[in-house]
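In the text below, chain A, chain B and the rest are named by the order of the sequence lines, each starting its count at 1.
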Amino acid sequence: MDAFGGMDIMEERYSPGAVEPKWQEYWKKNELFKVAEDPTKEKYYLLEMFPYPSGKIHIGHVRNYTIGDVVVRYKRMKGFNVIHPMGWDAFGMPAENAAIDNNTHPAAWTYANISAMRAQLKKMGFSYDWDREIATCRPEYYRWEQWLFLKMLEKGMAYRKESFVNWCEKCQTVLANEQVEQDKCWRCSQVVQQKKLWQWFFRITDYAEDLLVHCDQLPGWPDKVTVMQKNWIGKSIGSELKFQIDGVGEDLEVFTTRPDTIFGATFMCLAPEHPLVETLSRGTDQQAAVDAFVQKVSSQERSADGIEKYEKEGVFIGAHCINPATGEKIPIYTANFVLMGYGTGAIMSVPAGDQRDFDFARKYGLDIRVVVQPEGQNLDGATMEEAYTGSGVMVNSGQFDGMDSQAAMEVMTDWLEEKGCGKKAISYRLRDWGISRQRYWGTPIPVIHCPSCGVVPVPEEDLPIRLPEEANLLAKGGSPLPFLDYFSKATCPSCGRKDAKRDTDTMDTFVESSWYYLRYCSPRYEGGMFDPAAVQYWAPVDQYIGGVEHAVLHLLYSRYFMRVLNTLGLIDFKEPFTRLLTQGMVCKETMTCPEHGFLFPEEAEKQDNEALACTRCGSEVEVGRVIKMSKSKKNVVDPNELLERYGADVTRLFCLFAAPPERDLEWSEDGVEGSNRFVNRVWRLAIECMDKIDAGAIAPFKGAASDLESQDAKELYIKANQTIKKVTDDIDKSFHFNTAISAVMELVNAMYVVEIDTADREMKSVLLFSLENILLLLSPIIPHFCEELFERMGNKGSILEHAWPDFRTDSLETDEVLVVVQVNGKLRAKFTIGAQVEEAEIKEIAMADERVQKYLQEKPVKKIIVIRKKQTLVNIVV
RNA sequence: GCCUGGGUGGCGGAACUGGUAGACGCAAGGGACUUAAAAUCCCUCGGUGAUUAUCACUGUACGAGUUCAAUUCUCGUCCCAGGUACCA
C-alpha cells in the first residue's frame with residue numbers, strides 16, 4: 001500500500017514478492033507435488049541430475065531444474081502421474097578441500113550446504129516431491145550400496161588388483177587427476193609419483209558388448225551421446241598374436257588390428273608396467289637404462305589425456321623375439337605410449353603402417369619395412385615421410401605378395417592360426433571401473449582383511465559400515481580412516497582373529513549416482529535397495545536431464561549398474577533412462593584487472609567514458625571471453641540476487657528464452673530485464689481484459705474460425721490456435737522452450753493491437769479465449785504468475801489440475817496463402833492468393849508479374865518449379 | 001593427440017525432412033504521453049551502393065563441390081567448447 005491509492009497502483013505490475021510465496025504455500029498445503037503409485041494412471045518419471053552440494057545453487061542448476069519443471073508441469077496437465085524427486089550427491093572431494101581450506105568438517109560443511117540449497121530450490125517454485133529427498137552421505141542410503149557391493153563380490157563382479165594412483169610424497173596423500181598440475185601437486189608443487197596399490201574394480205568389461213549393442217536401441221538419447229559411448233567402449237576386431245621370445249621358453253602376446261602387416265613388424269613395444277619388462281631386462285647390460293626409464297615414466301601421467309603431453313620415447317630392454325612371419329629376430333622395447341590396460345599391454349610395431357611406430361622407429365633408427373603399397377605409389381621405408389595406414393597391395397610379405405591388403409587380412413589370420421601363433425580376437429578400449437578411493441568422505445568398502453583368511457566380506461547383518469562422521473581430516477588432505485583404530489581394527493568374521501583390518505578405502509562417488517534414481521521410488525524403504533513394487537511401477541526414468549559433461553562416465557556407469565541389478569534378478573529392465581536431454585552450459589564474459597586478476601561483476605564500475613574500472617585500484621578492466629561460469633573465473637551470477645530483484649518466474653523465463661536447452665547459454669543482464677518486461681506486458685493485458693470485458697456475459701470463443709464474421713477476430717482466433725499447436729509441439733517434441741515463448745509473445749503482440757474499448761462482442765470473446773490459453777500455455781514456465789491471473793479470471797483450484805489446451809484443426813489456417821516467385825533462385829516477386837487456386841493458374845499469375853517479366857525478357861523459360869508446402873514457391877529457370 | 005559438438009546482424013537466437021535468411025527478444029536510434037523523469041505505447045534497425053517512398057549487389061567462420069534452389073547435403077581448412085577413466 002502506498003500514498004497513491006494502494007491497490008490500483010499495485011495492480012499495474014506483477015509483484016513476485018507477494019504472489020510467489022502465496023502459491024508455493026498453496027501447492028505445499030494441498031500436497032500437489034506429492035505422488036504415490038496409482039495403477040489407474042500412466043506414470044511419468046522425470047529426473048534431473050542431482051546436484052553436488054557445493055554451497056549455493058548456481059545458474060546452471062537453475063537452468064537444468066527449470067527445464068525439468070516445465071516438462072513435469074506439462075505432463076501433469078496432460079494427465080500423467082508424474083514423479084519428480086530431488087536429492088544430493090553428497091559425498092566427494094570438494095567437501096574435503098573445503099574442510100582443509102576453511103577449517104571445518106566435511107559432514108558439517110555438506111549438511112549446511114544442503115539446507116541452504118534446499119531453501120533456494122524451494123524459492124524457485126520447482127515441483128519436487130520433497131518427501132522423497134535423499135542424501136547419499138546418509139548411512140540409510142549407502143548401506144544398500146555396501147549391500148550391493150557384497151553381492152557383486154560374491155558373484156565375482158567386484159575384484160581386487162594392483163593399479164596406480166597419483167601420489168604426493170610430501171603430503172603423503174593420493175591426488176585426483178584434477179589435483180595434479182603439470183606433473184606437480186596442486187598444494188605443495190612436489191613432483192607427483194605413480195604409486196602401485198591394491199584396489200577394487202567392477203567388471204564393467206563383462207558387459208562391454210551388451211552396452212555397445214544397446215547404444216543403438218536408445219532412440220530417446222541424442223546421437224552424440226551414444227556415439228561417444230560407442231567410441232569409449234571402443235570395440236576393435238583383430239588378432240592376438242604370439243611372438244616367441246629369443247632364448248626364453250616363453251611367448252610375448254600382442255593384440256593387433258592389423259595382422260596383415262605382420263611382415264612389417266620390425267620391433268616390439270611393451271608398456272613400462274608390463275611384467276616382462278623387468279624379467280627380460282634383468283641381468284642384461286640394458287638393465288640400468290630400463291630401470292631409469294621406468295622410474296622416469298612413473299612420474300608421468302598415465303591418463304589418455306596425459307600420455308599425449310609427453311614425447312613418445314622408449315628404451316631397448318635387452319631382449320629379442322622372433323617374428324613368426326619372417327623368422328627374423330626383432331628387438332623388444334618398452335615405450336611410454338603403450339598402455340598396460342589395453343589389449344595385452346604389448347604391441348607389435350609396424351612403423352610403415354602406424355604413425356606412432358613410425359615416429360618411434362625414426363627416433364631410434366629402427367627398420368621401416370613397407371608391406372602395404374598404396375595404389376599407384378612406390379613407398380620406400382628409408383625415404384617415406386609418414387606412415388601409410390590405408391589399404392593397398394601386399395609387398396615384402398612372402399607368399400601373400402600381390403594380394404589386396406583387405407583380403408589378406410582374413411587369409412593371413414587363418415594362416416597364423418594354423419601355424420599356432422595367433423587367433424582372432426576382439427578387444428575393447430573400455431577398462432574395468434576402479435572404485436577404490438584413498439579418501440575419507442565416501443562410502444566405506446565393506447570388507448575386512450584378515451592375516452589368515454585374506455579378504456573377508458563384512459556379514460550383511462553388520463551393515464551399514466558407518467563412516468565415522470566426527471573424524472577429522474589430516475592436515476594435508478589425507479584420509480584419517482587408516483589411523484583410526486576404532487574404525488580400522490576389526491575382528492575377522494570368518495576365523496575370529498582380533499588383529500584383522502577393515503578396508504579403509506571408500507568408493508568412487510560415481511557409485512552413488514549410478515542407482516540413486518531407483519532409491520527415489522521408495523526412499524525410506526528398509527528391506528533393500530528399493531521396494532520392488534515401487535520400482536516396478538515407476539522405473540525406468542522416462543526423461544533424464546543433465547549436463548552434457550556426463551555423456552560418458554556417469555551415464556555409462558548407470559547403464560552398467562542396471563545390468564548388474566538385472567543379472568542379480570533385482571530388476572527386469574536394463575536401460576535406466578528412456579529419454580535423455582543433455583543441456584548446454586551457462587556462460588558469461590570474464591573481467592580482468594591487471595592488478596587483481598579476475599573480478600566479480602560488482603568489482604567493475606562503469607565510468608563516465610563507458611570504460612570499466614576496478615573498484616579497488618581504478619585500473620581499466622578488460623572484458624574477456626565468454627566462458628563457462630565458475631567461481632575461479634568469478635564470472636558468476638548469484639540466483640539469490642535474481643530472485644530478490646525479479647522473482648522466480650522471471651528468472652525461469654529468461655533461462656528458457658535465451659537459448660534452446662542443448663545449447664550453451666550466454667548470461668545477459670539486459671535479457672533478464674526483457675523477460676521482466678514481457679511478464680508485465682502480459683499482466684497489464686490480462687488486467688485490462690478483465691477490466692473491460694464482462695466475463696459474466698461473454699464466454700471465451702470455442703467455435704470454428706469460419707463461424708466468426710469479422711476478419712480481425714478470425715485472424716486473432718487462428719493465431720491463438722496456431723500458438724497452442726506451436727507451444728505444444730515445442731514442449732512435447734523438441735523441448736525448444738525459446739521458440740514456444742516466442743510464439744506466445746507473438747500472440748500477445750497481436751492482442752495488443754486490438755482496441756478493447758471499441759471491440760465488439762465477437763472480438764471480446766476471442767480475446768478471452770486467447771488470454772485464457774496464454775495462461776495455460778505459460779503455466780509450466782512461469783507457474784506462480786499464471787496461477788494468480790488464472791484465479792483472478794474466476795477459476796477455482798490450481799491451474800495444474802486444469803487440462804492442457806487443445807487446438808482446433810479447422811482453425812489453423814487462413815484462406816489466403818503467400819506465393820513467392822524466384823527467377824533462377826533469386827526472389828523477385830510476392831503475392832497472396834486464395835488457398836484453393838490451381839497450380840497452373842499460380843504459374844500464369846507468376847509469369848505475368850511485372851517484375852518477373854523484367855527478368856525474363858526474351859530468354860526462353862527452361863523449367864518452372866512449384867513447391868506447395870507451408871508456403872508456395874515458384875522458381876522460374878531461364 | 002583422440003572422441004563429440006558448435007560457429008548465422010552490435011548481442012542472444014529463428015528458419016521443422018534443401019525452398020522468402022534474420023521470427024521473437026536485447027541493445028541502439030527516432031517519435032508519442034508527461035511540467036519533468038521513470039514506466040508505457042508506436043516506428044526504424046545485416047552490409048555496400050545508387051537515380052534512397054524504390055531498386056541493385058552482397059551476406060549464415062573460410063575454400064571447393066552437388067542442386068532449378070544450400071544456414072541446411074558432401075569434401076577440405078581454421079577457430080571455440082565439452083569429455084579423455086581419481087572433479088562431479
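Taking atom CD on Q583(A) and atom P on G83(B), their separation rounds to 13 Å, with Å as the unit. In this structure, CH2 of W167(A) is placed 14 Å from C1' of C86(B), rounded to the nearest angstrom. Here the P atom of nucleotide G6(B) and the CE atom of M228(A) are 11 Å apart, to the nearest Å. Rounded to a whole Å, the CD atom of E549(A) is 21 Å from the P atom of C3(B). The distance from atom CZ of R663(A) to atom P of G12(B) is 9 Å, rounded to the nearest whole Å. Atom CG of L553(A) and atom P of C86(B) are 7 Å apart (whole Å).
The glycosidic torsion of U52(B) lies within 90° of 0, which places this base in the syn conformation.
In this structure, the nucleotide among U58(B), C86(B), A85(B) sitting nearest to the side chain of Q199(A) is C86(B). Distances from the side chain of N875(A) to the nucleotides C68(B), A56(B), A23(B) place C68(B) closest. The F510(A) side chain lies nearest to A88(B) when the options are C68(B), C24(B), A88(B). Here A85(B) is the nucleotide among A85(B), G12(B), G82(B) with the atom lying nearest to any side-chain atom of R429(A). For N749(A), the side-chain atoms get nearest to G25(B) when compared with the rest of G25(B), C68(B), G82(B).
Here Y855(A) reaches the OP1 or OP2 of A56(B): one of its side-chain N or O atoms lies under 4.0 Å away. Side-chain N/O atoms of K826(A) include none lying less than 4.0 angstrom from OP1 or OP2 on A21(B).
Residue-level contact check: W232(A) touches the bases, meaning some heavy atom is under 4.0 Å from a base atom. In this structure, R677(A) reaches the sugar-phosphate backbone alone: every heavy-atom distance under 4.0 Å involves primed, P, OP1 or OP2 atoms, never a base.
Salt-bridge formation is detected for the pair D757(A)/K692(A): a Lys NZ or Arg NE/NH1/NH2 atom is positioned less than 4.0 Å from an Asp or Glu carboxylate oxygen.
A cation-pi arrangement is present between R828(A) and Y855(A) under the rule of less than 6.0 angstrom and at most 45 degrees off the ring axis. Geometrically, R13(A) does not engage W683(A) in a cation-pi contact defined by less than 6.0 Å to the ring centre and at most 45° from the axis.
Checked against a 6.0 Å centroid threshold, the rings of W433(A) and Y557(A) count as neighbours. Side-chain rings of F657(A) and F737(A) stay apart, their centers remaining 6.0 Å or farther from each other. Annotation: F91(A) is in aromatic contact with Y142(A) [ring centroid separation under 6.0 Å]. Residues W515(A) and F561(A) keep their aromatic ring centres 6.0 Å or farther apart.
A heavy-atom distance below 4.0 Å to RNA chain B is reached by these residues of residues 87-98 of chain A, ordered by number: D89(A), G92(A), M93(A). Less than 4.0 Å separates RNA chain B from at least one heavy atom of each of the following residues of residues 722-742 of chain A: N738(A), T739(A), S742(A).
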Determine which bases of RNA chain B form Watson-Crick or G-U wobble pairs with both distances under 3.5 Å, and write the result as a 5' to 3' dot-bracket string with | for other-strand partners. (((((((..(((......[....))).(((((.......))))).(((((...)))))..(((((..]....))))))))))))....
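Side chain of N680(A) to backbone of N676(A): a donor-acceptor contact under 3.5 angstrom is found.
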